[in-house]
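What follows is a short report on a single structure.
Chain A is the first sequence line, chain B the second, and so forth, proteins listed ahead of strands; every chain is numbered from 1. Remember, predicted model here, so these are calculated numbers, not experimental data.
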Number of protein chains: 2
Amino acid sequence: MARPRTFAPDAALARIKDAFWEKGYEGTSMQDIEAATGLKKQSLYRLFGDKRQMYLAALRHYEENEIRKAAELLETPGTAKERFAGFFGHFIDDALKTGDRRGCFLCNAAVDQAQVDKETLRQVHRIMEQVARLFERVLATSKPYDTDAELTTKKAAHLMASYLGLRVLIKAGWPEDYLRLSARAAVEAV
Amino acid sequence: MARPRTFAPDAALARIKDAFWEKGYEGTSMQDIEAATGLKKQSLYRLFGDKRQMYLAALRHYEENEIRKAAELLETPGTAKERFAGFFGHFIDDALKTGDRRGCFLCNAAVDQAQVDKETLRQVHRIMEQVARLFERVLATSKPYDTDAELTTKKAAHLMASYLGLRVLIKAGWPEDYLRLSARAAVEAV
DNA sequence: CCAATTTGTTACTGATTGGTCCGAAATTCG
DNA sequence: CGAATTTCGGACCAATCAGTAACAAATTGG
């Protein structure tokens, strides 16, 4: 009884995520979002509410797609060191291969919006906690099978910082060798 | 022969730095800067050029003040581990005590402007390199007196990532215990 | 085929953006 | 004191911001 929409909302959201990911919240105008999605404002507002809700939806999309993909990267056989080496190496490879310097959307959001918007802060913290738990799971389920919970948490906390820091180093334009060194040291500490 | 200015340019720049530091480049309007400095646009533009130059000047001010202060934090007696433990601990203490969640301006700039503006990228990278060299110097001049240059570089690269990551964790609202764990692990890897 | 309903599109809103112009106030040197 | 010079302050600029209202096109159910 109604005209069906001519676009896939999820595909549009993926584009919105890309836009915010690249330029940040304030750096992305509604015009940018229109261009990225090929949709007009009215459709966007009807679908997502306002700009802030689009940002939060983009963050959720990042969680459900990119973070999920990253989690799968850790689902490999091998020792904990090997698994994390592959994980860290992937982001370096990717940045060098595609020249993608957008960094980690989660980290970007923490830096440029978590301060301004409490809901963003909550979401960022929640998703980061998820990642930390994932790291702990990997440490506990692969050689040398950490059993001390406190030690595991500490290692995971260190890996979190190392991961976020690495992605900032990538954004700051450090050369490949330096990134590899940093990643190697992080993994060796596991 | 001319009317003297009624404010100290450096003090004004310090305020501008604070504004950008807190809200980022796009998040800070000229109105915000007027309010922060107590100066009018005309004076600001005459003194610094345009908004982008104000940002770059603020970055330099950060380098010459905050980074310098941080460097002095490392100028303590003790082993390398002790010196870095004090260094990392300071930022955690400070964030908890003052509630200051602005993070590291250098890291913020890398995340939100290095991508957009090449000069910012250059400056950020240059200053970060300075910090990395400082870390290497500390590793080489305190127990256990690292002599292998490659190992020293690797440790410094790891400390850089750990430092930047820690400051992102702080922005993301992680609790004190977690921050301390992360810092402790980073220091232990030295 | 027609009425109901939801889509997409155009035009517009008031507010704010970074930046400029120009006159008035103030200070120093002659 | 007076001329030169510079700072300061408000008005002003076009462009852009996020968001809205109103209208036309399209599709489905009756």
Is NZ or CZ of A/Lys51 both nearer than 6.0 Å to the six-membered ring centre of A/Tyr25 and within 45° of the ring axis? yes

Give a yes or no on whether a donor-acceptor pair under 3.5 Å exists between the nucleobase atoms of D/dG19, that is its base, and the side chain of A/Lys41. yes

For B/Lys40 and D/dC8, is the shortest distance between a side-chain N/O and OP1 or OP2 below 4.0 Å? no

In whole Å, I'd like the distance from the NZ atom of A/Lys51 to the P atom of D/dG19. 8 Å

Between D/dC8 and B/Ser43, is there an OP1 or OP2 to side-chain N/O distance shorter than 4.0 Å? yes

Please report the distance, rounded to the nearest Å, between CD in B/Glu26 and C1' in D/dA18. 15 Å

Between B/Ser29 and C/dT16, does any side-chain N or O lie under 4.0 Å from OP1 or OP2? no

Round to the nearest Å and state the distance from B/Tyr25 atom OH to C/dT17 atom C1'. 11 Å

Interatomic distance, B/Met54 CE vs C/dT17 C1' [rounded to whole Å]: 14 Å

What is the distance, to the nearest angstrom, from the OH atom on A/Tyr45 to the P atom on C/dG8? 16 Å

Are a donor atom and an acceptor atom from the side chains of A/Arg126 and A/Gln123 found within less than 3.5 Å of each other? yes

Between B/Arg184 and B/Phe88, is NZ or CZ placed under 6.0 angstrom from the six-membered ring centre and within 45° of the ring axis? no

Measure from CZ on A/Arg46 to P on D/dA21 and round the result to the nearest Å. 13 Å

Side chain proximity check, B/Trp174 to A/His125, heavy atoms < 4.5 angstrom: yes

Once you round it to whole Å, what is the distance between C1' of C/dG8 and CZ of A/Phe48? 15 Å

Output the rounded distance in Å from CD1 (B/Ile33) to C1' (C/dT17). 12 Å

Once you measure the plane-to-plane angle for B/Tyr62 and B/Trp21, does it fall in the parallel (<30°), tilted (30-60°) or perpendicular (>60°) bin? perpendicular

OP1 or OP2 of D/dC17 under 4.0 Å from side-chain N/O of A/Gln31: yes

With a 3.5 Å cut-off and heavy atoms only, can you find an N or O donor on one side and an acceptor on the other between the side chain of B/Gln42 and the base of C/dC21? yes

